[in-house]
Amino acid sequence: MAENNNYKLTKRDRFNVFWRSQFLQASWNFERMQNVGWAYAMIPALKKLYTTEEDRAAALKRHLEFFNTHPYLASPVFGVTLTLEEERAAGKDIDDAAIQGVKIGMMGPLAGVGDPVFWGTLRPVLGAFAASLALSESWLGPIIFFFVWNIIRMAFLWYTQELGYVQGGNITKNLSGGLMQKLTQGASVLGMFIMGVLVPRWTSMHFPMVLSRMDVPAEEMVDFSGIAEAANEGVISGDMLRGVVAQIQSGMSIEPEQVTTLQNTLDQLLPGLAPLLLTLGCVWLLRKKVSPITIIFGLFVIGILGYVLGIFG
Amino acid sequence: MSIFTVILVLLVAFLAGMEGILDEFQFHQPIIAASLIGIVTGNPLQGLLLGGTLQLIALGWMNIGAAVAPDAALASIASAILVTINGASISEGIALAIPLAIAGQVLTMFVRTITVGIAHGADRKAKEGSFRGVEMYHIGALMLQGLRIAIPAGIILAVPAGVVTDALNSIPAWLTGGLAVAGGFIVAVGYAMVINMMATPKLWVFFALGFALSAVGDLNLIAMGIIGVVLALLFLQFSPEFNQGGGGGGNSGSGDPLNDILNDY
């Protein structure tokens, strides 16, 4: 390196990197994955740190190496790399391998945190909550989803990048010190609990198939014919209506025939049992490496057959 | 349908396509994408309801590592157009969304392969030290991802509405009925994907608890969320794997003043 540049990255520079880091995956490719996006986000800093064409070419080359992690968890890596580049530009002995080593070393464990926390917990929980609002025709659904998600995301990107920048190399120690593991475990507990909640609520499976029909004995049925006669003769009284209500409340049947469907029987066992078994079956299939799309098509076939045979409705 | 509507629909489609790869602002998530299509086509309620339903199905669609998930962007944009403009029912929209998600997945894999060439173009610009050149290649790739959704959306818009409606009407009743039934429970696959990613033997008890509370109780989701957070915090406090270092070891005084006092004696 020809010259030493003691430039310190300003908050504005770091903000520009943060803003561009949101476009990390734009040119995601199967060869080096997020590499161009990484270089793209580093450019505002590299521009300030390196002035000669030679230095700039070398800096770009080193940041176009393979990189791939969870797009949000790249932020602490950006922070650390900014510190390293700053020191390197100031003449410290930090070679390309050291910078690449830090990036590769951090990306694996961080992706392991980001996937369960953001994709596995936060988005399903927030998405399910928003969907329940949307299905009750409330526009708060999409609005809450959009704003809550983006506020959390942007705050996370900015503060973890700053944390990485301030802490520099020390951050790896902090991250491996159990904090990340705690975060992942806590998120997984919440996620598993909410999934348990969602399974019986929003999986709609109805089994209208009739298992048995039974005639209800006359004395166990609400006396509708009596009240209908009274109404026709115009002699209906409040007491008669009260009597009918009392009969209904005491559990007498209002139908002449008692129909038991498959649904009734299942609900007596445990409400939501069928969705539970279906979900567990899907988990089992996924563990057997069956692709989700295959399972979805299989369920469509089952749905169509069940509908034609009258099992589902 | 005015030219203005067409432009807005294509714009929303382009936005969803870009987000399908970025995964940042979430414009590709059904609840946002289908609602936006509903608004610009003048059928907001249809879009909102379709978006809410598709969102539940797509809960578990996530890009992990280099694996590409079914594409929520094409699924929500194309089926929202069919529902809000061509008059497909919401359950037909859901059924159509699944093959569309696979088509979108194939398209994004195609674009992700083309971008290998873009990365090499960026290498050449890097050799010249040209920041501008690298930026151009990067943004160009993003445009391709936007077009990946905008072009199919344009094709659907270009087909005369009558043709699409006739095709939809010619679907027999047993098929639409069956698809509607299946649409009610394919969310289970989404749940299973999320569970499959998180589940360790220890965590199944929390799933069981959530299920029991939900199946027999009437607590709403906010109450459930609070219970879930409390459980997570309790788990972290009491699980032995997190207490070996902090609680048992040195009296760093992090969380337990009583223990510190006792240790002093």
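Note that the structure is predicted; figures quoted are calculated from it, not measured. Here is the naming used below: chain letters follow the sequence lines, and residue numbers restart at 1 for every chain.
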Chain A interface, residue from [options] that has the most non-hydrogen pairs under 4.5 Å:
options                               : answer
B/Met18, B/Lys125, B/Glu128, B/Lys202 : B/Glu128
B/Ala232, B/Gly184, B/Ala95           : B/Gly184
B/Gly146, B/Gly190, B/Gly129          : B/Gly129
B/Ile57, B/Ile118, B/Leu179           : B/Leu179

What option among [options] has the most heavy-atom pairs under 4.5 Å with chain B?
options                               : result
A/Met195, A/Gln185, A/His63           : A/Met195
A/Ile143, A/Leu64, A/Val301, A/Asn150 : A/Asn150
A/Arg153, A/Arg20, A/His206           : A/Arg153
A/Met33, A/Met205, A/Arg123           : A/Arg123
A/Phe312, A/Phe23, A/Trp139, A/Phe118 : A/Trp139
A/Asn35, A/Leu198, A/Leu285           : A/Leu198

Between [X] and chain B, which part of the residue has a heavy atom less than 4.5 Å away: side chain, backbone, both or neither?
X        : result
A/Leu46  : both
A/Phe297 : side chain
A/Thr69  : neither
A/Ala111 : neither
A/Ile293 : side chain
A/Leu135 : both
A/Asp115 : both
A/Tyr307 : side chain
A/Val36  : both

Below 4.5 Å from any heavy atom of chain A, which atoms of [X] appear? Answer side chain, backbone, both or neither.
X        : value
B/Phe235 : side chain
B/Met193 : both
B/Leu54  : neither
B/Met143 : neither
B/Val187 : side chain
B/Val194 : side chain
B/Ile102 : side chain
B/Pro44  : both
B/Thr108 : neither
B/Val205 : neither
B/Ile90  : neither

Classify the side-chain pair A/Asn68/A/Gln34 by whether it contains a donor and acceptor separated by less than 3.5 Å.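 There is such a pair between these side chains.
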
The test is salt bridge (charged side-chain N to carboxylate O under 4.0 Å, His left out); show your working for B/Glu135 and B/Arg132 and say whether it passes. CA-CA 5 Å; B/Glu135 286 169 359; B/Arg132 190 105 206 104; 3.1 Å; yes

Hey, does the side chain of [X] reach the backbone of [Y] with a donor-acceptor pair shorter than 3.5 angstrom?
X        : Y        : answer
A/Thr121 : A/Ala187 : yes
B/Ser76  : B/Ala72  : yes
B/Glu19  : B/Phe25  : yes

Taking side chain as C-beta onward, heavy atoms only, is [X] less than 4.5 Å from [Y]?
X        : Y        : result
A/Phe30  : A/Trp28  : yes
B/His28  : B/Asp23  : yes
A/Pro271 : A/Pro200 : no
A/Phe145 : B/Gln55  : yes

Enclosure of A/Met154 CE (heavy-atom neighbours >12, cutoff 6.0 Å):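 Yes, because the 6.0 Å sphere around CE of A/Met154 holds more than 12 heavy atoms from other groups.
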
Using a cut-off of 6.0 Å, state whether more than 12 heavy atoms not belonging to A/Trp284 lie near its atom CH2.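 12 or below, so no.
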
Tell me whether the rings of A/Tyr72 and A/His70 are parallel (<30°), tilted (30 to 60°) or perpendicular (>60°).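 Correct class here is perpendicular.
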
When rounded to the nearest 0.5 angstrom, what is the spacing between [atom1] in [X] and [atom2] in [Y]?
X        : Y        : atom1 : atom2 : answer
A/Ser27  : B/Ile114 : OG    : CD1   : 13.0 Å
A/Glu31  : A/Phe66  : CD    : CZ    : 10.5 Å
B/Trp174 : A/Ile304 : CH2   : CD1   : 6.0 Å
B/Leu49  : B/Asn43  : CG    : CG    : 11.0 Å
B/Arg148 : B/Met109 : CZ    : CE    : 11.5 Å

